[in-house]
Amino acid sequence: MFCEARIPESVSVTLISGFLGAGKTTLLNHLLTHVQGQRLAVLVNDFGAINIDSELIVQQSQSMLTLANGCMCCTIESDLIAQLEELLGPDGPQPERLLIEASGLSSPQKIASTLRYPQFRQRLHIDAIITLVDAEHYAQLPESMAALAQEQLDVADIIVLNKVDRVTSSQLSQLKQHWLYPGARIIESRYAAVAPELLLGYGGSTFGRSLRPVASSVHAEQFVSHSFETPRLFRLAPLRRLLRRLPEGIYRAKGVLRLEGYPDRRCLLHLVGMRSELTLDRPAHGVPEHSQLVLIGLRGAMDPERLRASLLGCLVPEVTHGEPVAIGEFD
Ligand SMILES: Nc1nc2c(ncn2[C@@H]2O[C@H](COP(=O)(O)OP(=O)(O)OP(=O)(O)O)[C@@H](O)[C@H]2O)c(=O)[nH]1
């Protein structure tokens with residue numbers, strides 16, 4: 001008697017890369033709400049100790065895997081391997097496509113190398129590396145950040161030039177002329193609203209097969225994240241003032257907060273470069289038990305104790321809940 005082992009289909013992987021705040025989660029949410037009829041799995045990686053992205057991703061029927069507290073390309077590569085093993089294993093969800101959102105400090109070429117390890121070779125293939133570019137901030141990134149952003153761009157099969165609503169047409173053409181390779185496949189977007197058929201089904205990443213120059217790796221040791229969690233409510237006015245006064249080296253902040261005066265809405269906080277945004281989410285999302293906030297910046301840009309004191313100054317004085325539960329510095 002013969003027993004025929006079923007060979008599972010190779011999973012198609014789309015790797016979404018791009019510097020901090022470029023719009024990766026926005027793109028992921030756009031794809032999740034517009035792609036139909038495919039079994040999707042999603043893997044998100046946040047540099048901070050708390051995975052804020054997983055809170056911000058729209059819940060469809062996809063399987064969700066999360067990695068926090070480091071870059072999946074280096075410090076937590078072993079976690080990436082373990083998650084992939086689980087996903088592709090016999091008890092895994094058997095997706096047709098895996099969408100990976102790298103952290104804004106990850107090197108996509110390192111992730112791509114992991115995906116090409118022998119144990120995955122038959123089981124998954126990289127359909128495309130998509131790199132988002134923040135049209136508003138890209139050209140002004142300080143040197144320490146620009147090298148990493150350039151590295152992410154060098155390996156892109158598709159470049160999504162996002163936030164075009166924030167720049168003039170002459171700024172946009174300068175950006176393309178100075179920073180993007182002639183002939184690169186570039187799609188301009190607002191809020192990453194790109195038709196999925198332009199991004200999925202590319203047909204196989206050329207990274208590793210072409211002779212394109214790739215900048216030498218500069219990496220995440222230069223950056224640090226601070227994570228903050230509290231059951232207490234934030235007050236809007238001092239929080240706004242704090243966001244305006246943060247040191248320049250703090251490039252990115254994101255959070256899901258409980259706000260005084262809004263008992264049934266969660267407040268989403270985003271800071272990218274000098275631009276900050278506080279928005280109330282739709283009531284359907286409910287209110288979290290704790291406010292969670294992550295700030296990411298250049299090492300040495302912020303004194304953790306001062307930052308903690310400043311954040312405490314934004315909270316409603318506590319009567320019943322006790323002190324904030326955690327704040328930490330993570331590499
Ligand atoms: N004006 C404008 N804002 C945008 C656009 N796309 C995204 N944003 C905003 O930019 C901020 C960051 O977007 P995210 O999608 O969270 O960026 P990200 O790349 O996932 O960020 P990290 O994961 O922290 O690196 C959010 O406030 C978005 O609403 C756009 O095209 N125009």
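Heavy atoms only: backbone and side chains are in, while hydrogens, waters and symmetry mates are out. Numbering of ligands and ligand atoms starts at 1, following listing order.
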- D53 contact mode with ligand 1 (heavy-atom cut-off under 4.0 Å): side chain
- Query: Which bit of E277 gets closer than 4.0 Å to ligand 1, counting heavy atoms only: side chain, backbone, both or neither?
  - Reply: side chain
To which protein heavy atom is [atom] closest, and what is the distance rounded to 0.1 Å?
atom	result
atom 13 (O) of ligand 1	T26 OG1, 3.6 Å
atom 31 (O) of ligand 1	Y191 N, 2.4 Å
atom 10 (O) of ligand 1	K163 NZ, 3.3 Å
atom 17 (O) of ligand 1	G23 N, 3.1 Å

- Message: Considering only residues two or more places apart or on different chains, which pairs with a residue in residues 78-131 satisfy ring-ring contact (aromatic ring centres under 6.0 Å, His included)?
- Response: none
- Message: Using ring centroids (six-membered ring only for Trp), state whether Y251 and F19 fall under 6.0 Å.
- Response: yes
- Query: Do K254 and E55 meet the salt-bridge criterion of a basic N to acidic O distance under 4.0 Å?
  - Reply: no
- K24 bridged to D53 by N-O distance under 4.0 Å: no
Ligand 1 atoms in contact with [X] (distance to a heavy atom under 4.0 Å):
X	result
K254	22 (P), 23 (O), 24 (O)
K24	15 (O), 17 (O), 18 (P), 19 (O), 20 (O), 21 (O), 22 (P), 23 (O), 25 (O)
R166	1 (N)
R190	31 (O)
G104	25 (O)
R252	12 (C), 14 (P), 16 (O), 17 (O), 21 (O), 22 (P), 24 (O)
N162	5 (C), 6 (N), 7 (C), 31 (O)

Donor-acceptor pairs under 3.5 Å, side chain of residues 190-201 to any protein atom, not counting sequence neighbours: which ones?
none

Would you confirm whether [X], through its side chain, and [Y], through its main-chain N or O, come within 3.5 Å as a donor-acceptor pair?
X	Y	answer
R265	D281	yes
R258	P231	yes
D127	Y202	yes

- Query: Looking at ligand 1, does any of its N/O atoms fall within less than 3.5 Å of an N/O of A192?
  - Reply: no
- G18 to ligand 1: N or O pair under 3.5 Å? no
- Message: Minimum distance, heavy atoms only, to atom 32 (N) of ligand 1: which one of L278, T279, D165, V294 is it?
- Response: D165
- Query: Is there a heavy atom of E101 sitting under 4.0 angstrom from any atom of ligand 1?
  - Reply: yes
- Message: Using heavy atoms and a 4.0 Å limit, tell me yes or no: is A22 in contact with ligand 1?
- Response: yes
- Query: If you draw a 6.0 Å radius around CD in Q119, do more than 12 non-hydrogen atoms from other residues or ligands fall strictly inside?
  - Reply: yes
- Is R39 atom CZ crowded by more than 12 heavy atoms from other residues, nucleotides or ligands, each under 6.0 Å away? yes
- Item | Residue pair A149 / L141: nearest heavy atoms and the distance that separates them | CB-CD1, 3.7 Å
